[in-house]
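Worksheet: the structure to be examined is printed underneath.
Sequence positions, counted from 1, serve as the residue numbers for this chain.
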Amino acid sequence: MNWAKWISKKLKYGLIIGSVFLIALVWLPWWEASQQIPSSIVVLGGGIRREILAAQLAQSYPNLPIIVSSGSSLPCLYRVFVEENKVDWRRLKVDFRATDTLTNFTALVPYLQSNQTRKVFMVTSKGNLPRAFVLAWLIWGSRGIAMEPVLVGGVGNHESWLKTFADTARAIVWVVLGEKTVANLYNSDVEVKYQTSLRQSECEIGSAILPNNI
């Protein structure tokens, strides 16, 4: 028996079966969730223009909560949402744990699930969309959460396929093995505490101050 050929054949069939299983695991809950109406606005950190677009979107959907994942500082967010666009600050949940696009998605899963969120508006840039779409499909989709992209134009470059491939592989590992695969990738508690303690900062649109009563 040619063992090398036998092993190669088994691996090929294993990959096919594994791929079919993964697609079924993700696609079915994603498809069901995609039929729902968005019940939250999620902003992936990556520039204040995303947050400006999210604030404008929030005006059109006044009942939806807004979740910002590792975006601008709290003072800058207050200026964009409250001072510039008159959005109620109580609608915002800000999470500073994410360190990259992958952890933008994984960090928000517990919050979205606890609120029984099935579909969200996802605000990002056109250049980031291919990678963000794949990660959203794998990470959120496997947990029954779909997204509808809302895109900022003219921001950022199109990302390389290699970066998308690498993050896709990491997302698949997360789907199979869970949160322990990214636990060490989040910002430390010290960094998160520092970010939430800022009362004043410089933004791309100027200086900003967070009121003392917030």
Side-chain angles (χ1 to χ4, degrees), residues 33 36-115 117-137 139-141 143 145-157 159 167 171 182 185-187 191-192 195-196 198 201-206 208 210 214:
Q36 307 299 314
I37 297 172
S39 59
S40 295
I41 299 170
V42 172
V43 191
L44 303 184
I48 204 166
R49 287 186 60 181
R50 296 183 186 183
E51 293 145 8
I52 292 172
L53 179 58
Q56 295 168 350
L57 182 66
Q59 293 175 332
S60 299
Y61 295 90
N63 296 321
L64 299 190
I66 306 140
I67 310 155
V68 183
S69 179
S70 288
S72 297
S73 67
L74 289 179
C76 293
L77 292 175
Y78 185 85
R79 174 166 177 177
V80 168
F81 282 93
V82 180
E83 295 182 351
E84 302 286 343
N85 290 282
K86 311 306 178 188
V87 175
D88 189 341
W89 181 252
R90 292 172 295 182
R91 293 174 61 188
L92 269 75
K93 173 180 173 56
V94 184
D95 190 301
F96 288 111
R97 290 176 297 157
T99 57
D100 58 10
T101 303
L102 177 78
T103 49
N104 277 143
F105 289 102
T106 60
L108 298 186
V109 167
Y111 176 80
L112 295 174
Q113 288 186 315
S114 67
N115 286 277
T117 302
R118 302 300 311 282
K119 186 176 182 181
V120 304
F121 287 115
M122 184 187 74
V123 181
T124 188
S125 61
K126 288 183 178 179
N128 179 242
L129 180 61
R131 184 160 61 105
F133 181 87
V134 172
L135 295 181
W137 186 76
I139 295 170
W140 287 350
R143 301 305 190 262
I145 303 165
M147 67 85 182
E148 182 175 322
V150 180
L151 303 178
V152 177
V155 178
N157 300 319
E159 297 169 339
D167 267 1
V182 297
L185 301 180
Y186 296 126
N187 278 322
E191 175 63 21
V192 172
Q195 290 293 338
T196 55
L198 287 176
S201 63
E202 289 296 321
C203 319
E204 296 174 50
I205 57 174
L210 190 67
I214 291 178

| request: Would you please test Ile139 and Leu102 for side chain to side chain contact (heavy atoms under 4.5 Å, CB included) and show each step? | output: CA-CA 9 Å; Ile139 295 170; Leu102 177 78; 3.6 Å; yes
| task | For ring pair (Phe, Tyr, Trp, His ring centres under 6.0 Å), just list the numbers for Trp140 and Phe105, CA-CA rounded to whole Å, side-chain angles, deciding distance to a tenth of an Å, and then say yes or no. | result | CA-CA 7 Å; Trp140 287 350; Phe105 289 102; 4.7 Å; yes
| When you look at Val80 and Ser72, which way does the side chain to side chain contact (heavy atoms under 4.5 Å, CB included) test go after all the steps? | CA-CA 10 Å; Val80 168; Ser72 297; over 6 Å; no
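Considering CD1 of Ile41 and OG of Ser60, their distance stands at 8.5 Å, rounded to 0.5 Å. Taking CZ of Arg143 as the reference point, atom CG of Leu112 lies at 12.0 Å (rounded to 0.5 Å). In this structure, CD1 in Ile214 is found 4.5 Å from OH in Tyr78, a value given to the nearest 0.5 Å. One finds the CD atom of Glu204 at 9.5 Å from the CZ atom of Arg49 (value rounded to the nearest 0.5 Å). A distance of 13.0 Å separates CZ in Phe121 from CD1 in Ile67, rounded to the nearest 0.5 Å. Distance check, rounded to the nearest 0.5 Å: CD1 of Ile205 to CD of Glu83 gives 9.0 Å.
With a 4.5 Å cut-off on side-chain heavy atoms, Val68 and Asp95 do not count as touching. In this structure, Leu129 and Leu151 have side chains that are in contact, with non-hydrogen atoms separated by less than 4.5 Å. Under the 4.5 Å side-chain criterion, counting only non-hydrogen atoms from C-beta, Leu77 is in contact with Glu51. Leu198 is not listed as a side-chain neighbour of Leu74, based on a closest heavy-atom distance of 4.5 Å or more. No side-chain heavy atom of Ser70 sits less than 4.5 Å from a side-chain heavy atom of Thr99. Taking 4.5 Å as the limit, every side-chain heavy atom of Phe81 sits out of range of all side-chain heavy atoms of Ile52.
Nearest approach of Cys76 to Ser201, heavy atoms of both residues: SG-OG, 3.4 Å.
Glu148 places no side-chain N or O within donor-acceptor distance of the main-chain N or O of Met122, the cut-off being under 3.5 Å. The backbone N or O of Leu64 sits less than 3.5 Å from a side-chain atom of Arg91, completing a donor-acceptor pair. In this structure, the side chain of Asn115 does not engage the main chain of Thr117 through any donor-acceptor pair within 3.5 Å. Not a single donor-acceptor pair under 3.5 Å links the side chain of Asp167 to the backbone N or O of Thr101. At distances below 3.5 Å, not a single donor-acceptor pair connects side-chain atoms of Thr103 with backbone N or O atoms of Ala98. Side-chain atoms of Asn85 do not come within 3.5 Å of backbone N or O of Val87 as any donor-acceptor pair.
Side-chain polar atoms of Ser125 and Arg50 form a donor-acceptor pair below 3.5 angstrom. When only modelled atom types and interatomic distance are considered, Ser39 and Arg118 share no side-chain donor-acceptor pair under 3.5 Å.
The side-chain hydrogen bond (donor to acceptor under 3.5 Å, both in side chains) contacts involving residues 104-113 comprise Ser69-Asn104, Thr106-Tyr186, where partners must be two or more places apart or lie in separate chains.
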